[in-house]
**Q** 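Dumping the structure here so I can ask a few things about it.
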Amino acid sequence: MKINKDLVDATMMLSFIILVLIGTTDFSDMLLKEITMGGLALLSVAMVTLRIIYMRQEANSPKNEEYE
């Protein structure tokens, strides 16, 4: 499976930023705030997991360097 590192990094950063913004905003419905924060937290954890998987794939893949 090919993981796009840039997409994972961008999604992870956006989810962290939005999570902080929602956490510091006053909501009239606290249940909606908690559900939204929970979803963003799951997204953040998923992106961190994909980033770790990508790093392990890069470490195990052989480098195709040519010496001339």
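The basis for the numbers below is simple: all heavy atoms, side chains too, and nothing from hydrogens, waters or symmetry mates. Owing to the predicted nature of the structure, the values given are computational and were not obtained by experimental measurement.
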**Q** If you group Ile, Leu, Val, Met, Phe, Trp and Tyr by side-chain heavy-atom gaps below 4.5 Å, do M37 and V45 land in one group?
**A**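 No.
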**Q** Between I52 and L43, is there a shared hydrophobic cluster once you connect ILVMFWY residues whose side-chain heavy atoms come closer than 4.5 Å?
**A**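 Yes, I52 and L43 fall within the same hydrophobic cluster.
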**Q** Would you check if F16 and V48 make a side-chain contact, meaning some heavy-atom pair closer than 4.5 Å?
**A**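 F16 reaches V48 side chain to side chain.
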**Q** With rounding to the nearest 0.5 angstrom, report the CD1 to OG1 distance, I18 to T25.
**A** 11.0 Å
**Q** Looking at K33 and D29, is any side-chain nitrogen of the basic one under 4.0 Å from a carboxylate oxygen of the acidic one?
**A**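 Salt bridge flag = no for K33 with D29.
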**Q** Have a look at T11 and tell me which of L7, V8, L14 forms a side chain to side chain contact (heavy atoms under 4.5 Å, CB included) with it.
**A**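 Checked L7, V8, L14 against T11; only one passes side chain to side chain contact (heavy atoms under 4.5 Å, CB included): L7.
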**Q** To the nearest 0.5 Å, what is the distance between OG1 on T49 and CE on M12?
**A**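 The OG1 atom of T49 sits 10.5 Å away from the CE atom of M12.
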**Q** Would you indicate whether the side-chain heavy atoms of M47 and M13 approach each other to under 4.5 Å?
**A** no
**Q** Just verifying a value: how many Å separate R56 CZ and R51 CZ, rounded to the nearest 0.5 Å?
**A** 13.0 Å
**Q** Applying the side chain to side chain contact (heavy atoms under 4.5 Å, CB included) test to I22, which of L40, L32, I17 qualifies?
**A** L40
